[in-house]
Q: 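Have a look at the structure that comes next, please.
Hydrogens, waters and symmetry mates play no part in the numbers below; they use all other heavy atoms, side chains included.
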Amino acid sequence: MTVQSVGKYYSQVINVLIFIFPIVINSMQVAGDIVLLILAMMGIYVAISQKLSPFVIKEIKVFSYLGVGYFAAVCLSVLFSGQAAELAHYIPRDFYFLFAPFIALALFKAEININYLIVGAKVALLVLGIISLQQWFGQGGRASGVMNAGVFGNLTVSLFFIVLASSHHESLKQNLFTLLSLSFGLAAIIGSGTRGAWLSFVLLLVAYLYFFYKQKAKLNSKLKIIIVLFIILISIGGFNQNFQDRTNLAYLEISNWVSGDKDVNSSTSMRLNMYKKAIDNIEDVPFFGYGLRTSNMVLFKNDSSQAGVKSSRFNHLHNAFLTNYYNGGIVLLGALLLLLFVPLRIFLNANNQNYEEPVFISGALLIIGYVTYGMVNILLGDTYMNGFYVFFLAIFLLLTNKSIKAP
C-alpha cells in the first residue's frame with residue numbers, strides 16, 4: 001500500500017467519524033465518547049510516529065493551548081476545593097480538553113470534507129426530532145434523549161444553526177432536505193421544554209440574520225420559498241401549548257420576584273436569588289476561588305431560609321460565568337473566557353475577510369450559542385456539552401486557520 005493510499009484511507013476514516021459524531025452525541029450514550037477517544041488515539045499515534053507536536057503546528061496551536069489551559073484551571077479549582085479526593089471523579093468530564101490537542105492533530109492530518117459534517121448534522125436533527133416526538137407522545141414529558149433536557153435542547157440549537165449557516169449555496173434538493181431536518185430540529189427544541197434553549201434560539205437567529213445581511217446576497221426565488229416555509233415552521237412552534245405555558249410562567253415568575261414574591265418553588269425565582277446572592281458577595285471570592293462545585297455550599301452555608309437550604313443543594317449557580325468565578329476564581333473564569341472569545345475573534349476576523357464562507361459563520365454561532373447557554377445554566381460541566389464543543393471547535397478552527405493561511 002502506497003503512502004498516498006494510506007493517506008486517502010486515513011482521511012476516509014476521519015470523515016466517517018466526522019459524519020457519525022453529530023448523530024450519536026445527543027442520541028446514544030457513550031457513542032460520542034468513543035468517537036472522540038478514537039480521534040484522540042489517532043492523534044497520539046500521529047504525534048509519536050511522526051514526532052509532531054500539536055502545540056507548534058500553526059493551524060491548531062491556539063486550540064491546543066486553550067484546551068489544555070482550561071483543563072489545568074479546572075485541576076487547580078479541584079486542588080483548592082479541600083475535597084480533592086471526593087471531587088476527583090468529576091475530572092474525567094473535562095478530559096476532552098486534555099486530549100483536545102490530539103483530537104485536533106488527528107483532524108489536521110486528514111483531508112476533511114465538510115459535507116460529511118453537514119449531512120451528519122442534518123441526519124442528527126432528524127433523529128433528535130423523532131426522539132422528541134416519541135418521548136412527547138409516549139411519555140408525555142419533556143424530550144431529553146439520553147441526557148438532561150436542558151443540555152438536549154441546547155445542543156440541538158447548536159446543530160440547528162450549524163445546518164442553517166451551511167444552507168446558503170445548496171441546490172433546491174439539498175435545501176428541501178435542509179428544511180426537513182430543520183423542522184425536526186425545531187420540534188426537538190420545543191419538545192425539550194427548555195426556556196434557556198428557546199432564548200438562545202432567538203438570540204442566535206438574530207446573530208445569524210446579521211451574518212446573512214453582511215453577505216448582501218440577493219434572495220432568489222428558491223431561497224425566498226425556503227425562508228417563508230421556515231418562518232411558518234417557527235410560527236407553528238410559537239403556538240405550541242407547552243411553549244406558551246412555560247414562556248408565560250417564566251414571565252409571571254420574573255414579575256413576582258421583582259415585586260418581592262421570592263417563591264422558593266419557582267425555578268426562575270431560585271435562579272434570580274442565586275444570581276443576586278452571587279453578585280452581592282463577588283468581592284469576597286479568593287484569587288483561586290473556593291474549589292470545584294463548592295459555589296452554592298459557600299454562598300448559602302449560613303442561609304437557613306427555605307430558599308437558602310434549597311439553593312445550597314445545587315452544585316452550580318445556573319450561570320456558568322458566576323459558577324466558574326466562585327469555583328476557580330479569576331483563573332478558571334479567565335480560562336473559560338479565553339476558550340470562548342479567542343476563537344470567536346478568529347471567526348469574526350475571518351468572516352470580515354470572506355462573508356460567504358459558512359465555516360466562519362458556523363464557528364461564530366457555535367460560540368455565541370455557548371455564551372448564551374452559560375447565561376442561565378451550566379456550560380462546560382457536562383460531558384455532552386464538553387465533547388460537543390471540543391469536536392466542533394476543533395474542526396471549525398482548523399478549517400478557518402487553513403483557509404486564512406491559503407493564498
Q: Less than 6.0 Å separating the ring centroids of Phe161 and Phe201?
A: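 Distance test on ring centres: under 6.0 Å, yes.
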
Q: Verify whether one side chain among Lys214 and Asn352 offers a donor that lies under 3.5 Å from an acceptor in the other.
A: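 Yes, Asn352 and Lys214 have a side-chain donor paired with an acceptor closer than 3.5 Å.
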
Q: What pairs with Phe321 under ring pair (Phe, Tyr, Trp, His ring centres under 6.0 Å), at least two apart in sequence or on another chain?
A: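 Applying ring pair (Phe, Tyr, Trp, His ring centres under 6.0 Å) to Phe321 gives none.
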
Q: Less than 4.5 Å apart, any side-chain heavy atom of Phe160 and any of Leu182?
A: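 Yes; the side chains approach each other to less than 4.5 Å.
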
Q: Sub-3.5 Å donor-acceptor pair from the side chain of Asn175 to the main-chain atoms of Ser167, do we have one?
A: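 A pair under 3.5 Å: yes.
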
Q: Sorted by first residue and then second, give each side chain to side chain donor-acceptor pair (under 3.5 Å) pair with at least one member in residues 63-76; sequence neighbours left out.
A: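 Output for this query is empty, none listed.
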
Q: What pairs of residues pass the side chain to side chain donor-acceptor pair (under 3.5 Å) test when at least one of them lies in residues 330-345, not counting sequence neighbours?
A: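 Of all non-adjacent pairs touching residues 330-345, none passes side chain to side chain donor-acceptor pair (under 3.5 Å).
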
Q: Within the distance-only criterion (no hydrogens, no angle test), does the side chain of Thr400 pair as donor or acceptor with the backbone N or O of Phe396 below 3.5 angstrom?
A: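 Looks like yes, one N/O pair under 3.5 Å.
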
Q: Holding to side chain to side chain donor-acceptor pair (under 3.5 Å), I want the full list of residues that pass it with Asn386, two or more places apart in sequence or in another chain.
A: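 Expected list: Asp94.
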
Q: Would you say the side-chain atoms of Asn15 pair up with the backbone N or O of Asn113, donor to acceptor, closer than 3.5 Å?
A: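 Yes: the side chain of Asn15 pairs with the backbone of Asn113.
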
Q: Going by heavy atoms in the side chains, are Leu155 and Met385 under 4.5 Å from each other?
A: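 They are in side-chain contact.
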
Q: Could you state the interatomic distance from OH (Tyr96) to CZ (Phe391), rounded to the nearest 0.5 Å?
A: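 Those atoms lie 12.0 Å apart.
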
Q: Is Trp198 reaching over with its side chain to a backbone N or O of Ile189, donor-acceptor style, under 3.5 angstrom?
A: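 A pair under 3.5 Å: yes.
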
Q: Report yes if the side chains of Thr178 and Leu164 come closer than 4.5 Å at any heavy-atom pair, otherwise no.
A: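 No, too far: nothing below the 4.5 Å cut-off.
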
Q: Treating Ser77 as the side-chain partner and Val74 as the backbone partner, does any N or O pair qualify as donor plus acceptor under 3.5 Å?
A: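 Yes, the answer is positive, given that a donor and an acceptor are paired below the 3.5 Å cut-off.
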
Q: Does the Ser11 side chain pair with the main chain of Glu111, one donor and one acceptor, at a distance under 3.5 Å?
A: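 The answer is yes, because a donor-acceptor pair under 3.5 Å joins these two groups.
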
Q: Counting C-beta onward and ignoring hydrogens, is there a side-chain heavy-atom pair between Phe211 and Leu365 closer than 4.5 Å?
A: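 Side-chain contact under 4.5 Å: yes.
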
Q: Are any non-hydrogen side-chain atoms of Ser192 and Thr156 less than 4.5 angstrom apart?
A: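 SC-SC contact between Ser192 and Thr156 ruled out.
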
Q: Would you say Tyr389 and Leu339 make side-chain contact, with heavy atoms under 4.5 Å?
A: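 Side-chain contact under 4.5 Å: yes.
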
Q: Quick one: are Leu340 and Leu379 in side-chain contact, heavy atoms under 4.5 Å?
A: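 The answer is yes; the side chains approach within 4.5 Å.
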
Q: Main chain of Val359, side chain of Glu357: is a donor-acceptor contact present, judged purely on distance under 3.5 Å?
A: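 Between the backbone of Val359 and the side chain of Glu357 there is a qualifying donor-acceptor contact (under 3.5 Å).
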
Q: Whether the side chain of Tyr275 engages the backbone of His318 through a donor-acceptor N/O pair (distance < 3.5 Å, no angle test) should be reported.
A: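 At least one qualifying donor-acceptor pair exists.
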
Q: Please list all pairs passing the salt bridge (charged side-chain N to carboxylate O under 4.0 Å, His left out) test where one or both residues lie in residues 198-211, with sequence neighbours left out.
A: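 Passing the test, one end in residues 198-211: no pairs.
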
Q: Please name all residues satisfying side chain to side chain donor-acceptor pair (under 3.5 Å) with Tyr373, sequence neighbours left out, ordered by chain then number.
A: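 Applying side chain to side chain donor-acceptor pair (under 3.5 Å) to Tyr373 gives Ser158.
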
Q: Treating Asn319 as the side-chain partner and Met375 as the backbone partner, does any N or O pair qualify as donor plus acceptor under 3.5 Å?
A: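 Checking the backbone N and O of Met375 against the side chain of Asn319, a donor-acceptor pair under 3.5 Å is found.
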
Q: Using modelled atom types only, decide if a donor and an acceptor are shared between the side chain of Thr323 and the backbone of Leu317 within a distance under 3.5 Å.
A: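 Between the backbone of Leu317 and the side chain of Thr323 there is a qualifying donor-acceptor contact (under 3.5 Å).
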
Q: Any side-chain heavy-atom pair from Ile361 and Phe212 closer than 4.5 angstrom?
A: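 The answer is no, as the side chains (C-beta and beyond) never meet within the 4.5 Å cut-off.
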
